[in-house]
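Step one of this worksheet: look at the structure below.
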Number of protein chains: 2
Amino acid sequence: MAQKIKLSTIGEALGVSTATVSLALRDSPLVAEATKEKIKAHARQMGYIYNRRAASLRTSKSGIIGVVVHDIMNPFYGEILKSIETELDRSRHTFLLSNHYDNVDKQRDFLDTLMQLGADGVIMSPAIGTPIEDIDLVLRNGLPVVLIARSIPKASLPVFRGDDSFGIGLATRHLISLGHKRIAMIGGTDDTSTGRDRYQGYLTAMKKAELAVKPEWRIPGPRTKQAGFEATGEFLALPDKPTAAVCWNDLVAIGLMNGIARAGLTPGTDISVTGYDDLEEAAIATPALTTVWNGQPEVGRRAARALLDRIDGVSDQSGTLELIRPELHIRQSTSPVKERA
Amino acid sequence: MAQKIKLSTIGEALGVSTATVSLALRDSPLVAEATKEKIKAHARQMGYIYNRRAASLRTSKSGIIGVVVHDIMNPFYGEILKSIETELDRSRHTFLLSNHYDNVDKQRDFLDTLMQLGADGVIMSPAIGTPIEDIDLVLRNGLPVVLIARSIPKASLPVFRGDDSFGIGLATRHLISLGHKRIAMIGGTDDTSTGRDRYQGYLTAMKKAELAVKPEWRIPGPRTKQAGFEATGEFLALPDKPTAAVCWNDLVAIGLMNGIARAGLTPGTDISVTGYDDLEEAAIATPALTTVWNGQPEVGRRAARALLDRIDGVSDQSGTLELIRPELHIRQSTSPVKERA
DNA sequence: CGAAATTTTTAAACAGTTTAAAATACTTTT
DNA sequence: AAAAGTATTTTAAACTGTTTAAAAATTTCG
């Protein structure tokens, strides 16, 4: 490259001070219209590129927002990310993305990088077991933090997520209303608030309907298609074989349906399956998946807005929990129970 | 937050100059061992955070690497991204990610942001129709660029991608060897090099086997499950109904298989289907998908390494094309043709 | 002409890194 | 034991590009 064009390069070329150039390029009313025009034209023509690091050294605003999730390849987070992206684009912020894969150290490294870069704020779905000190350090360095999808115990932060126990209740009651009495719950673990909430929601719905629940009916596990697929064996071998399965999420449900089909049964007819999240994929699965919409676009949009408000000092750092209300979307993976009761 | 800890804060507390502190924290041999220890301990204890923007202003190295792809929610890119992430983590670089959704303006905005932030380099799968000037501007600003998955006509840049026409040939010949004579090609468009290469590869394989190809057998379209699903109607209504379909990628293939199943036919038995990429998902689809492994981890790893080499000045900016050799993975979605010929 | 308003410039941050030079310590040599 | 020479440690000043408050210069207007 040729030599770098900076404010002073332009200033010298035009015989004005760098301050004037800086002001002009940012459209300050302090500079005469004619001067502005001349400066802007010259800057464009010389191929000037604004140096954000120099500016942010002075202003301590970097325009960078960090986003940390478990895994961007998980479409649930992908859909949230998409709405965050839309919202941040609008306000000309750039986002730095990282997966933590539920590794607290990796997450801490990334938070550290954000602080070093002088990020303006963080949106995160915290790794399982995130110590409160890690978050406190970030807050003490002046970065507002908002959480999505998961809460951190004892932390007083804004959280945006779906109402899990209500949502899983919708799915469970739907199966009950179709006459199912033996319903399993596949996937998820108890080490996140979401995990506990969903299991509780399922238990509550079963109890309300006065249905017995066997502990073996819960097959915990990761939240992936692979895991759902692999759980099939255990599920089909269950004593008092359940006629339906409430799955942790759509991925697990789709994996389970694939497994069921592979075993020669027909998912949706022989065994009813519900998902959770309502990913775009749910509608085109075979059979189309009955699932609970978990408000991904809402979560992303509102979390981004909340963070921007906090960055602008419009709002404070208090710990509000905003639960998005899930909706049941009934499709073909659930049907009335087959067996003669 | 309390007041910011900077090098001079530490220096004052210990009665040494900031230069010494800077040197000590970077483990320079110019500082006595004992002094180093004392300084490091103090820095840790005071909660010092390295200010990368201040440093990079002087050193013009930011540690940021930009990555631009079509859509991170597409698992094909997701898998590449994962291996890029692994490779960059190793060298303590942070990556800034962006989707361009094949929108040249959005891509240009992002490249502009990267230059403003003083990024060290860019890995990109360029948007369709990327003008060469957009890339030249980046190069002139001193950022090395390497491409993945797609080439840019006339640009002399390093490119890492699979050998498309060879790969699609593997799939097509496999179907031919199973006795299929009427083979359709679903998905993809002619506006990318990949699109053209794959279609050509299919045509070449058919021609070599002396099989006729009807132009209607090609159903172009987006590269998503949704698109594959929606193409089913047109595919099943084709004159001289093909007995097999070579799909643009796994997503299209899975969508098509879902569509076929929805229409009451059995994919893999009634109609053979091949995918492309060999996503993790391909193995657990129903039926398990015969597909062409496209070397995602290799592409990501080598692109990242090449970029880092260029950043370090080890290697130059010349335009090498590195084709990763695809492999055919045979599973249950393909079987011998059913009809009596 | 002088006051007020408008426009431009100056100079000091911002928080680090770099490097030549100064200061100090340690060996040798006589 | 002092002087000279060498090696180690530390310092001071320059440098990165932009912003901004305050000062200075210029123009406008009554």
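Fair warning: this is a prediction, and the values are worked out from it, not measured in the lab. Here is how names work: the chains are called A, B, and so on, in the same order as the sequence lines, proteins then strands, and each is numbered from 1. What's counted below: heavy atoms across the whole structure, side chains too, no hydrogens, waters or symmetry copies.
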Is the distance from OP1 or OP2 of [N] to the nearest side-chain N or O of [X] less than 4.0 Å?
X	N	result
A:T35	C:dT8	yes
B:R26	C:dT18	yes
B:T20	D:dT11	yes
A:S56	C:dC14	no

Could you give the [atom1]-to-[atom2] distance, from [X] to [N], as a whole number of Å?
X	N	atom1	atom2	result
A:I49	D:dT16	CD1	P	18 Å
A:Q116	C:dA15	CD	C1'	13 Å
B:K36	D:dT8	NZ	C1'	13 Å
A:R53	D:dC15	CZ	P	19 Å
B:K61	C:dA15	NZ	C1'	20 Å
B:E33	D:dT10	CD	P	11 Å
B:L23	C:dA15	CG	C1'	16 Å
A:M115	C:dA15	CE	C1'	17 Å

Looking at the side chain of [X], which of [options] is the nearest nucleotide?
X	options	result
B:K6	D:dT18, C:dC14, D:dT11	C:dC14
B:A32	D:dT20, D:dT9, D:dG17	D:dT9
A:S22	C:dG16, D:dG17, D:dT18	D:dT18
A:N51	C:dT10, D:dT18, D:dT20	D:dT18

task = Between A:A54 and A:G15, just flag the one whose closest nucleotide in DNA chain C comes earlier from the 5' side.
result = A:G15
ask   = Mapping B:L30 and B:Y48 onto DNA chain C by nearest heavy atom, which one lands closer to the 5' end?
value = B:Y48
So, [X] and [Y], do they make that salt bridge, N to O below 4.0 Å?
X	Y	value
A:K106	B:E85	yes
B:R150	B:D102	yes
B:D309	B:R305	yes
A:E79	A:K82	no

Counting any heavy atom closer than 4.0 Å, what does [X] reach on the DNA or RNA strands: base, sugar-phosphate only, or nothing?
X	value
A:T59	sugar-phosphate
B:S60	nothing
A:S8	nothing
A:A19	base

inquiry  = Would the base of C:dT17 count as contacting B:R58 through its side chain, where contact means a donor and an acceptor less than 3.5 Å apart?
reply    = yes
task = Let me know, please, whether B:T18 or A:L57 comes out on the 5' side of the other along DNA chain D by nearest nucleotide.
result = B:T18
ask   = With nearest nucleotides of DNA chain D determined for B:A55 and B:V16 from heavy-atom distances, which residue corresponds to the more 5′ nucleotide?
value = B:V16
task = Take B:V122 and B:L307 through the side chain to side chain contact (heavy atoms under 4.5 Å, CB included) test and state the conclusion after the steps.
result = CA-CA 8 Å; B:V122 188; B:L307 183 67; 5.9 Å; no
message = Counting neighbours of CD on A:E322 that are heavy atoms of other residues, nucleotides or ligands and sit closer than 6.0 Å, is the number greater than 12?
response = yes
